[in-house]
Engineer: 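Mind having a look at this structure? Questions to follow.
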Amino acid sequence: MISNPVAHFPIEKIRADFPILDQEVNGRPLVYFDNAASTQKPRQVIEAIDQYYSTINSNVHRGVHHLSQKATDAFEASRETVRAHLNAAHSYEVLFTKGTTDSINLVASSLSQGLIRAGDEILVSHLEHHSNIVPWQMLCERTGAQLKVIPMNDKGELLMEDYRQLLNERTRLVAVNHISNALGTINPIAEMTRLAHEAGAWILVDGAQAVPHMKVDVQSLDVDFYCFSGHKLFGPTGIGVLYGKEAILEEMPPYQGGGEMIAEVTFAKTTYASLPHKFEAGTPHIEGGIVLGSAIDYVNDIGLEAIGAYEQELLQYGTQLLKERFPELRILGEAEQKTSVISFLLGDIHPYDTGVILDKLGVAVRTGHHCTQPIMQHFGIPGTIRASFAFYNTKAEIDRLADALEKAQAMLS
């Protein structure tokens with residue numbers, strides 16, 4: 001047990017695992033602060049991809065030959081790794097998808113087939129990524145259900161009393177993120193789940209920004225659905241996870257039709273496969289599913305407690321440094337519970353212009369609305385500069401960010 005996770009954090013060893021960090025951009029060492037959009041991959045993940053294609057590449061679940069059985073075993077072993085990581089009750093409650101967006105669309109599409117009807121209400125929060133807004137709007141258009149919005153304050157925190165008042169006997173589903181990708185706010189998911197269930201509603205949690213930073217226990221949280229993307233968890237793109245409680249998944253009709261999701265097909269009638277295959281039509285992203293397990297193993301070897309403590313130290317250091325060096329800098333999102341994201345504006349300078357200059361100086365940040373236009377509308381701004389940290393980042397890199405901002409300010413003011 002690590003008594004002081006930050007003091008013992010093996011940052012140099014960790015950075016050596018990420019070959020992409022050891023390069024120059026425009027003649028300067030790369031500083032990668034766009035982790036909320038996508039994380040970099042350690043050698044262990046890259047080697048696992050090579051190992052899959054070099055040794056066991058084959059389709060899964062259907063073949064009796066050696067390679068197919070090896071691929072199937074590895075694919076299902078990864079599903080068990082995800083189950084253990086989330087502390088789901090059963091591995092068949094873990095569905096492999098293309099990512100968080102695909103997971104949310106799966107639930108929305110399936111629920112629209114008779115499980116949500118005209119007059120029902122769906123609650124989303126003002127903090128949501130577009131991928132946790134638009135599918136529910138589309139569902140409402142198809143079914144006649146109504147979309148309601150949980151408001152937020154200027155610190156980027158949800159107004160919990162308003163949430164309580166919005167919940168009623170018509171509320172069928174609450175869809176909320178665990179952590180805001182734009183502001184870093186950590187939402188009180190356990191409390192929100194308890195209140196949703198008291199109202200008789202299901203809750204879906206977008207965990208894309210949470211799983212890289214904290215331990216998630218779906219049974220302790222008691223959520224009905226939880227989803228995330230592999231590429232934000234140091235794994236491959238094109239793979240994601242949807243956790244769903246067994247009873248609800250059994251009630252839901254399939255999302256797509258095709259191979260793998262069937263038990264028996266005749267021209268008169270088709271019967272569907274059992275979980276999880278009912279929701280996994282066609283050949284899955286086999287390499288992605290297997291290698292996602294390798295990414296989870298890598299993170300767990302470091303330890304999420306140590307990762308969270310180290311990233312909080314980066315967040316505190318960066319927040320204090322930017323405030324001290326740039327009195328005119330405005331941070332958007334200063335929730336009491338927050339993870340390693342600093343979203344800000346530098347005076348009246350447009351975020352895009354700042355981002356271009358920072359790139360010339362080797363610093364990668366994200367600029368724009370971050371697929372959260374309602375948040376930007378709340379603050380009356382077009383977008384922000386977002387620096388998002390991972391456990392391979394350092395305080396020295398945050399110093400580089402501040403120096404680059406100083407140069408950008410001098411050029412653009």
Side-chain angles (χ1 to χ4, degrees), residues 5-7 9 11 28-29 31-37 126-127 152-158 179-187 209 212-214 307-370 372 375-413:
V6 173
F9 199 70
I11 183 61
R28 294 173 171 83
V31 173
Y32 186 80
F33 283 158
D34 195 20
N35 296 288
H126 207 124
L127 286 171
M152 64 182 237
N153 62 24
D154 288 343
K155 293 173 69 176
E157 299 166 326
L158 295 183
I179 294 177
S180 164
N181 72 299
L183 305 181
T185 305
I186 303 174
N187 287 316
Q209 299 296 330
H213 305 291
M214 63 170 61
I307 286 170
Y310 179 74
E311 290 176 343
Q312 279 297 314
E313 188 169 286
L314 291 180
L315 174 64
Q316 293 167 13
Y317 179 82
T319 301
Q320 182 176 348
L321 179 67
L322 294 182
K323 284 184 174 181
E324 288 176 353
R325 289 188 57 175
F326 304 94
E328 68 283 13
L329 183 141
R330 177 188 176 194
I331 292 179
L332 288 303
E334 295 191 275
E336 293 298 322
Q337 298 297 318
K338 180 180 175 180
T339 192
S340 52
V341 169
I342 304 177
S343 233
F344 63 93
L345 293 171
L346 189 57
D348 295 327
I349 301 171
H350 196 283
Y352 177 82
D353 295 336
T354 306
V356 170
I357 299 299
L358 293 184
D359 177 62
K360 299 296 183 185
L361 298 171
V363 179
V365 296
R366 181 70 49 161
T367 63
H369 54 67
H370 317 301
T372 57
I375 292 178
M376 303 305 147
Q377 292 159 6
H378 173 91
F379 291 113
I381 57 176
T384 69
I385 305 158
R386 184 186 69 189
S388 52
F389 310 132
F391 57 76
Y392 43 63
N393 291 128
T394 66
K395 291 179 182 177
E397 290 182 314
I398 296 174
D399 293 338
R400 284 268 315 277
L401 169 65
D403 292 343
L405 284 170
E406 202 167 69
K407 292 179 181 178
Q409 186 178 46
M411 295 175 65
L412 296 169
S413 297

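No hydrogens, no waters, no symmetry mates; every other heavy atom, side chains included, goes into these values.
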Engineer: What's the shortest heavy-atom distance between Gly383 and Pro351, and which atoms?
Structural biologist: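 It is O-CG, 3.6 Å.
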Engineer: Distance check, rounded to the nearest 0.5 Å: Ile385 atom CD1 versus Leu332 atom CG?
Structural biologist: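 Between atom CD1 of Ile385 and atom CG of Leu332 there are 10.0 Å.
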Engineer: Taking atom CG of Leu346 and atom CG of Leu412, what is their separation to the nearest 0.5 Å?
Structural biologist: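 Rounded to the nearest 0.5 Å, the CG-CG separation comes to 8.5 Å.
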Engineer: Which word best sums up how the rings of Phe9 and Phe391 line up, parallel for under 30°, tilted for 30 to 60°, or perpendicular for over 60°?
Structural biologist: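 Judged by the thresholds at 30° and 60°, the geometry between Phe9 and Phe391 is perpendicular.
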Engineer: If you round to the nearest 0.5 Å, how far is CE of Met152 from CD1 of Ile375?
Structural biologist: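 CE of Met152 is found 5.5 Å from CD1 of Ile375.
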Engineer: Do Ser388 and Gln209 have side chains that get closer than 4.5 Å, going by heavy atoms?
Structural biologist: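 When only atoms from C-beta onward are counted, Gln209 and Ser388 do not touch, as no gap falls below 4.5 Å.
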Engineer: Working note: Leu315 + Thr339, criterion side chain to side chain contact (heavy atoms under 4.5 Å, CB included); need CA distance, chi angles, decisive distance, verdict.
Structural biologist: CA-CA 7 Å; Leu315 174 64; Thr339 192; 5.7 Å; no
Engineer: Closest heavy-atom contact between Met376 and Pro382?
Structural biologist: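 Looking at all heavy atoms of both residues, the shortest contact is CG-O, 4.2 Å.
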Engineer: Within the structure provided, determine whether Lys155 and Thr185 are in side-chain contact (heavy-atom separation under 4.5 Å).
Structural biologist: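 No - every pair of side-chain heavy atoms lies 4.5 Å or more apart.
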Engineer: Give the minimum heavy-atom separation between Thr394 and Leu314, together with the two atoms involved.
Structural biologist: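 Smallest interatomic distance, heavy atoms only, reads C-CD2, 3.8 Å.
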Engineer: Once ring pair (Phe, Tyr, Trp, His ring centres under 6.0 Å) is applied, do any residues pair with Phe33, and if so which ones, sequence neighbours excluded?
Structural biologist: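 Phe33: ring pair (Phe, Tyr, Trp, His ring centres under 6.0 Å) contacts with Phe389.
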Engineer: Roughly how far, to the nearest 0.5 Å, is NZ of Lys407 from CD1 of Ile357?
Structural biologist: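 So the gap between those two atoms works out to 11.5 Å.
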Engineer: Decide if atom CD of Glu328 counts as having more than 12 heavy atoms of other residues, nucleotides or ligands within a radius under 6.0 Å.
Structural biologist: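 Above 12, so yes.
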Engineer: Checking the side chain of Gln312 only, and the main-chain atoms of Lys338 only, is there a donor and an acceptor separated by less than 3.5 Å?
Structural biologist: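 Confirmed, Gln312 side chain pairs with Lys338 backbone.
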Engineer: Judged by atom type as modelled, is there a donor-acceptor pair below 3.5 Å linking the side chain of Asp359 to the main-chain atoms of Val356?
Structural biologist: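 No; judged by distance alone, with no hydrogens or angles, the pair does not exist.
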Engineer: Would you say that Ser340 contacts His213 through its side chain, given a criterion of any heavy-atom pair below 4.5 Å between the two side chains?
Structural biologist: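 Yes - at least one pair of side-chain heavy atoms lies under 4.5 Å apart.
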Engineer: So, for Ala404 and Val363, which heavy atoms are closest and what is the spacing to 0.1 Å?
Structural biologist: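 Heavy-atom minimum between the residues: CB-CG2, 4.1 Å.
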Engineer: Verify the distance criterion only: is there a donor paired with an acceptor across the side chains of Tyr317 and Asp399 at less than 3.5 Å?
Structural biologist: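 On atom types as modelled, these side chains qualify, holding a pair under 3.5 Å.
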Engineer: Side chains of Pro212 and Glu311: does their closest heavy-atom pair fall under 4.5 Å?
Structural biologist: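 They are not in contact (no side-chain heavy atoms under 4.5 Å apart), so the answer is no.
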Engineer: Let me see the working for Val341 and Ile179 under side chain to side chain contact (heavy atoms under 4.5 Å, CB included), right down to the final yes or no.
Structural biologist: CA-CA 10 Å; Val341 169; Ile179 294 177; 5.9 Å; no
Engineer: Does the side chain of Arg386 come within less than 4.5 Å of Asp34's, by heavy atoms?
Structural biologist: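 In short, these two side chains touch, coming nearer than 4.5 Å.
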Engineer: Quick check: closest heavy atoms across Thr384 and Ser343, and the distance to 0.1 Å?
Structural biologist: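 In terms of heavy atoms, the two residues are closest at OG1-OG, 2.8 Å.
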Engineer: Any chance you could measure Glu406, atom CD, to Phe326, atom CZ, to the nearest 0.5 Å?
Structural biologist: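 Rounded to the nearest 0.5 Å, the CD-CZ separation comes to 5.0 Å.
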Engineer: Quick check: does any side chain N or O of His370 sit under 3.5 Å from a backbone N or O of Gly368, one acting as donor and the other as acceptor?
Structural biologist: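 Pair found, side chain donor or acceptor close to backbone of Gly368.
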Engineer: Kindly compute the distance separating CD (Glu334) from CG (Asp154), expressed to the nearest 0.5 Å.
Structural biologist: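 Those atoms lie 11.0 Å apart.
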Engineer: Taking the side chain as every heavy atom from C-beta outward, state whether Phe379 and Leu345 have any atom pair closer than 4.5 Å.
Structural biologist: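 The answer is no; the side chains never approach within 4.5 Å.
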Engineer: Is a donor on one side and an acceptor on the other found under 3.5 Å between the side chain of Asn393 and the backbone of Tyr32?
Structural biologist: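 Side chain of Asn393 to backbone of Tyr32: a pair is present.
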Engineer: Under a 3.5 Å distance rule, please check whether Arg400 uses its side chain to pair with a backbone N or O of Pro29 as donor and acceptor.
Structural biologist: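 Between the backbone of Pro29 and the side chain of Arg400 there is a qualifying donor-acceptor contact (under 3.5 Å).
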Engineer: Within the structure provided, determine whether Leu183 and Thr372 are in side-chain contact (heavy-atom separation under 4.5 Å).
Structural biologist: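 Of all side-chain heavy-atom pairs linking Thr372 with Leu183, none is under 4.5 Å.
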Engineer: Check whether any side-chain heavy atom of Leu358 sits under 4.5 Å from a side-chain heavy atom of Leu401, and report yes or no.
Structural biologist: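 Side chain of Leu358 against side chain of Leu401, heavy atoms only: contact under 4.5 Å found.
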